[in-house]
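Keep in mind it's a predicted model, so treat the numbers as computed, not measured.
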Amino acid sequence: MGRLTAEEKKFYKENGYIILKNIIPEDELAKIIEEYDKLFKRKNQAKLETSWVGSDENFRQTDSPYTVKGIHNLQFHHAVFGRVLYNDSLLDALEDIMGTENIMLHHTKAQFKPPEKGASYPMHQDYQYFPYQKDSLVAAFIHLDDTTPENGGLFVYPGSHKLGPLEDVGARETVQFHYVDQSKFPIEKATPVIAKRGDIVVFSYLLVHGSTPNSSSRPRRMMLAQLADAHDQPLGEEKAQPGRGWLLRGVNLDRDATLAKRHAS
């Protein structure tokens with residue numbers, strides 16, 4: 001450990017998020033963006049794996065022209081996406097943030113907000129999608145473009161991770177999306193995260209966050225990895241994610257014990 005200063009560690013503990021700079025070398029970042037664009041071009045010629053459709057009035061509106069296009073498990077599409085997961089500077093920072101050297105992958109995802117029609121995303125907690133016993137999960141949000149509220153940037157409620165799991169309003173209203181009460185956490189009162197190309201925002205999966213529509217002429221491209229302490233366990237049944245459990249740093253003693261028990265039986 002030791003990537004973050006004492007002040008940075010305190011900021012993360014109090015706010016539930018932090019912006020990391022100068023983590024990915026420029027040549028590697030350029031390669032990630034190149035392969036990202038090629039991947040979305042290929043997928044758009046076929047059928048994207050996921051697509052969020054939303055509007056300001058109704059998150060479930062299906063005829064909206066606004067969308068956020070997504071592709072999961074990037075490391076299975078090109079090696080460059082897997083290599084960035086093993087970036088030592090990023091893992092050093094994650095050790096400080098997560099308080100463990102045993103870091104495993106939960107999943108990766110890319111989201112693309114197209115210019116002038118990128119949908120907003122309601123304020124939510126990632127906890128509702130995949131709760132864990134020790135709440136160790138964090139997201140590493142890699143910005144591939146300069147990002148502001150105008151092109152659909154991230155908004156957060158600093159310190160909201162301390163509230164623990166909140167009421168899942170989305171589960172009452174949709175089949176597959178989760179979000180908190182928007183009247184209690186309006187995006188208008190949230191804090192915008194202004195990030196530059198290459199910046200990485202790391203945040204707790206309990207942090208209330210969302211994003212605005214992309215009303216600009218610029219895209220908002222991002223790559224996200226969600227990671228957990230290797231010795232944390234999911235609560236209840238969880239949809240299997242290819243690559244979940246890949247160890248990025250440290251050891252997984254729970255995995256060793258499981259395998260030993262299997263071989264002994």
Practice item. Please answer whether the main-chain N or O of Lys38 pairs with a side-chain N or O of Lys43 as donor and acceptor at a distance below 3.5 Å. Key: no
Study note, to complete from the structure: Value for CZ (Phe40) from NE2 (His77), rounded to nearest 0.5 Å, stands at 9.5 Å
Practice item. Mind checking the NZ-CG spacing from Lys9 to Asp96? Nearest 0.5 Å is all I need. Key: 4.5 Å
Review point. Closest heavy-atom contact between Ser136 and Asp232?
Key: OG-OD2, 2.8 Å
Revision key, fill the gap. Interatomic distance, CG@Asp168 vs CZ@Phe177, rounded to 0.5 Å, equals 12.5 Å
Review point. For Thr5, does its backbone N or O pair with a side-chain atom of Glu8 as donor and acceptor, under 3.5 Å?
Key: yes
Check your understanding: Of the non-hydrogen atoms in Leu144 and Ile33, which two are nearest, and what is the gap between them?
Key -> O-CD1, 3.6 Å
Review point. Where is the tightest heavy-atom contact between Ile194 and Thr148, given as atom of each residue plus distance?
Key: CD1-CA, 4.2 Å
Practice item. Output yes when Glu95 and Arg249 qualify as a salt bridge under the 4.0 Å nitrogen-oxygen rule, no when they do not. Key: yes
Check your understanding: Just how far is it from atom CG of Leu20 to atom CG of Leu90, taken to the nearest 0.5 Å?
Key -> 7.0 Å
Review point. Are any of the side-chain nitrogens in Asp146 or Arg197 under 4.0 Å away from the carboxylate oxygens of its partner?
Key: no
Review point. Using 30° and 60° as the class limits, which term best fits the ring planes of Tyr17 and Phe11: parallel, tilted or perpendicular?
Key: perpendicular
Review point. Okay, side chain of His124, backbone of His209: is any donor-acceptor separation there less than 3.5 Å?
Key: yes
**Study point:** Heavy-atom pair of closest approach, residues Val201 and Val193
**Key:** CG2-CG1, 3.8 Å
Exercise for review: Kindly give the heavy-atom pair with the smallest separation between Tyr129 and His178, and that separation in Å.
Suggested key: OH-N, 3.0 Å
Review point. For the rings on Tyr127 and Tyr132, is their centre-to-centre separation under 6.0 Å?
Key: no
Check your understanding: Below 4.0 angstrom, N of the basic side chain to O of the carboxylate: do Arg220 and Asp145 qualify?
Key -> no
Check your understanding: Can you name the residues that form a ring-ring contact (aromatic ring centres under 6.0 Å, His included) with Tyr86, not counting sequence neighbours?
Key -> none
**Study point:** Distance-only donor-acceptor check, side chains Asn214 and Glu116, under 3.5 Å
**Key:** no
Practice item. Give a yes or no answer on whether the side chain of Asn87 reaches the backbone of Val84 with a donor-acceptor pair at less than 3.5 Å. Key: no
Practice item. First locate atom CD of Gln75, then atom OG1 of Thr108, and finally report the distance between them rounded to the nearest 0.5 Å. Key: 3.5 Å
Can you give me every donor-acceptor pair (side chain of residues 152-162, partner residue at least two apart or in another chain, under 3.5 Å) with its distance?
residue, atom, partner, partner atom, Å
Tyr157, OH, Pro186, O, 2.6
Ser160, OG, Tyr157, O, 2.6
Ser160, OG, Val208, N, 2.9
His161, NE2, Lys13, O, 3.0
Lys162, NZ, Glu14, OE1, 2.9

Check your understanding: Can you list every side-chain hydrogen bond (donor to acceptor under 3.5 Å, both in side chains) pair that touches residues 183-195, not counting sequence neighbours?
Key -> Asp181-Ser183
Study note, to complete from the structure: One should read off an interatomic distance between Tyr205 OH and Asp126 CG, to the nearest 0.5 angstrom, of 9.5 Å
Exercise for review: Would you name the heavy atoms of Ala139 and Gln226 that are closest together and state the gap between them?
Suggested key: CB-NE2, 3.6 Å
Exercise for review: For the pair Glu167 and Arg172, evaluate salt bridge (Lys or Arg N to Asp or Glu O under 4.0 Å) and give the outcome as yes or no after the intermediate values.
Suggested key: CA-CA 10 Å; Glu167 180 186 6; Arg172 297 201 311 260; 2.4 Å; yes
Review point. Just by distance, with hydrogens left out, do His72 and His107 show a side-chain donor and acceptor under 3.5 Å apart?
Key: no
Review point. Does Tyr12 have any ring-ring contact (aromatic ring centres under 6.0 Å, His included) partners at least two apart in sequence or in another chain, and if so, which?
Key: none
Study note, to complete from the structure: Those residues at least two apart in sequence (or on a different chain) that pass ring-ring contact (aromatic ring centres under 6.0 Å, His included) with His231 are none
Point to revise | Student check: side-chain heavy atoms of Pro115 and Arg218 closer than 4.5 Å | key: no
Review point. Is there a donor in the side chain of Ser216 and an acceptor in the side chain of Asn151, or the other way round, less than 3.5 Å apart?
Key: no
Review point. Going by distance alone, is a donor N or O of one side chain under 3.5 Å from an acceptor N or O of the other, for Ser215 and Lys117?
Key: no
**Study point:** Qualifying residues under ring-ring contact (aromatic ring centres under 6.0 Å, His included), relative to Phe141, sequence neighbours excluded
**Key:** His143
